[in-house]
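Some notes on the structure that comes next.
Remember, it's 1-based here, ligands and their atoms both numbered in the order they're listed. Since this is a predicted model, take the numbers as computed values, not measurements.
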Amino acid sequence: MTPRITLVRGDITEQRADALVNAANSSLLGGGGVDGAIHRRGGPAILEDCRKLRASRYGKGLPTGQAVATTAGELDARWVIHTVGPVHSAQEDRSGLLASCYRESLGVADELGARTVAFPAVSAGIFGWPTDDAARIAVATVRATATSVEEVTFVLFDQDAYDAFARQVG
Ligand code: AR6
């Protein structure tokens, strides 16, 4: 099955879903943008889980394009799924890695039994990915992924990003 896709304009930390996806970096130890907001609002339990992951499976960090789950702390969700988007490059096509973020996050959601998942526009902020292309890859990948997730909500922070996703969803 492929999930129903819905769009929301707003802050992902204010959403309710089984899993909220974080646009993290390989360190898993926090940053700006979505990552900063998730750790701020979710509280220290998320960072504590991230540190445990760094001390075990991901000693060198979470590779770009992969995903891993932690508690959602005080957020209105059961899990946060951390994924690391690629930094946009004009020289190198990294779109396969960006698609992988969505695919791998849905795979983790399936392992957890999550039925509703909220995504931000991974890589479209600090990592510099052009919004239209980020939206195209996000929507196409979710549509092409077989998953038991029933609903994917893209949570877009600003109107431009919302409009870009709306053009893709049609
Ligand atoms: N809710 C929803 N969307 C948001 C929020 C929010 N609270 N805040 C920003 N956005 P970014 P990236 C939008 O920069 O490009 C961090 O330092 C934003 O406008 O959060 O993958 C990490 O630690 C943009 O459209 O993620 C990494 O180092 C989109 O979310 C790096 O940034 C993604 O922006 C990851 O950069």
Side-chain angles (χ1 to χ4, degrees), residues 5-44 46-51 53-54 58 60-70 72-77 79-90 92-106 108 116-142 151-169:
I5 295 178
T6 56
L7 306 182
V8 169
R9 187 174 166 195
D11 181 336
I12 197 164
T13 66
E14 292 172 6
Q15 306 302 310
R16 168 188 295 188
D18 290 341
L20 304 179
V21 176
N22 182 19
N25 61 61
S26 287
S27 82
L28 292 175
L29 300 178
V34 171
D35 199 8
I38 282 185
H39 283 285
R40 247 188 332 272
R41 199 154 173 149
I46 300 175
L47 189 57
E48 202 175 299
D49 269 8
C50 287
R51 289 193 198 284
L53 288 167
R54 287 300 308 275
Y58 295 108
K60 291 181 181 162
L62 180 66
T64 303
Q66 295 192 25
V68 68
T70 66
E74 292 159 34
L75 295 168
D76 200 0
W79 304 281
V80 169
I81 297 173
H82 305 262
T83 192
V84 182
V87 175
H88 185 262
S89 163
E92 189 187 10
D93 180 8
R94 298 176 180 166
S95 49
L97 286 168
L98 184 54
S100 174
C101 289
Y102 291 95
R103 218 168 24 244
E104 294 292 317
S105 295
L106 290 172
V108 170
T116 57
V117 178
F119 281 96
V122 178
S123 288
I126 291 164
F127 282 175
W129 209 286
T131 306
D132 280 321
D133 201 47
R136 179 185 65 76
I137 293 166
V139 172
T141 306
V142 169
E151 180 168 32
V152 163
T153 303
F154 289 108
V155 185
L156 296 322
F157 209 44
D158 56 47
Q159 192 65 43
D160 275 1
Y162 183 93
D163 291 346
F165 275 73
R167 283 193 290 275
Q168 295 299 324
V169 173

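Inclusion of Phe127 in the set of residues having an N or O under 3.5 Å from an N or O of ligand 1 is warranted. Every N/O-N/O distance between Thr13 and ligand 1 stays at or above 3.5 Å. Residue Pro120 has no N or O atom closer than 3.5 Å to an N or O atom of ligand 1.
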**Message:** One pair to check against side-chain hydrogen bond (donor to acceptor under 3.5 Å, both in side chains): Thr70 and His82. What are the steps and the verdict?
**Reply:** CA-CA 8 Å; Thr70 66; His82 305 262; 2.9 Å; yes
**Leu28 and Arg51: CA distance, side-chain angles, deciding distance, side-chain contact (heavy atoms from CB on, under 4.5 Å) verdict** = CA-CA 8 Å; Leu28 292 175; Arg51 289 193 198 284; over 6 Å; no
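Thr153 places no side-chain N or O within donor-acceptor distance of the main-chain N or O of Leu7, the cut-off being under 3.5 Å. Listed for the Asp76 side chain is no donor-acceptor partner under 3.5 Å among the backbone atoms of Gln15. With hydrogens and angles disregarded, a donor-acceptor distance shorter than 3.5 Å links the side chain of Ser105 to the backbone of Cys101. Counting only distance, with no hydrogens or angles, the side chain of Thr83 and the backbone of Gln66 share a donor-acceptor pair below 3.5 Å. Distance alone, capped at 3.5 Å, places no donor-acceptor pair between the Thr116 side chain and the Glu151 backbone.
Tested against Ile12 for a side chain to side chain contact (heavy atoms under 4.5 Å, CB included), the candidates Leu75, Val155, Asn22 yield a single pass: Val155.
Across the listed options Val155, Val34, Ile126, Val122, Val34 owns the non-hydrogen atom lying nearest to atom 30 (O) of ligand 1. With distances taken over non-hydrogen atoms, the option nearest atom 13 (C) of ligand 1 out of Phe154, Phe119, Trp129, Phe157 is Phe157. Around atom 15 (O) of ligand 1, the closest heavy atom drawn from Ala37, Ala121, Gly125 belongs to Gly125.
Between Ser123 and ligand 1 there is a heavy-atom distance shorter than 4.0 Å. Residue contact annotation: Ala161 has no non-hydrogen atom under 4.0 Å from ligand 1. Taking a 4.0 Å cut-off on heavy atoms, Asp11 registers as neighbouring ligand 1. Taking 4.0 Å as the cut-off, Gly10 counts as a neighbour of ligand 1 on heavy-atom distance.
Near Asp35, with a cut-off below 4.0 Å to any heavy atom, the atoms of ligand 1 are 22 (C), 23 (O). Below 4.0 Å from some heavy atom of Asn25 lie the following atoms of ligand 1, by number and element: 22 (C), 23 (O), 27 (C), 28 (O). Against a heavy-atom cut-off of under 4.0 Å, Gly32 is close to the following atoms of ligand 1: 16 (C), 17 (O). Near Gly33, meaning under 4.0 Å from any of its heavy atoms, are these atoms of ligand 1: 8 (N), 20 (O). Close approach of ligand 1 to Gly31 is summarised as follows: ligand atoms under 4.0 Å from at least one heavy atom of the residue are 17 (O), 23 (O). When each atom of ligand 1 is checked for a heavy atom of Ala23 under 4.0 Å away, the hits are 21 (O), 22 (C), 26 (O), 35 (C).
Taking 4.5 Å as the limit, every side-chain heavy atom of Leu53 sits out of range of all side-chain heavy atoms of Leu62.
Salt-bridge check for Asp158 with Arg9: failed, with every basic side-chain N at 4.0 Å or more from each acidic carboxylate O.
In this structure, Phe165 and Phe154 have tilted ring planes: the angle between them lies in the 30° to 60° band.
Here the protein heavy atom with the shortest distance to atom 1 (N) of ligand 1 is Ile12 N, 2.9 Å.
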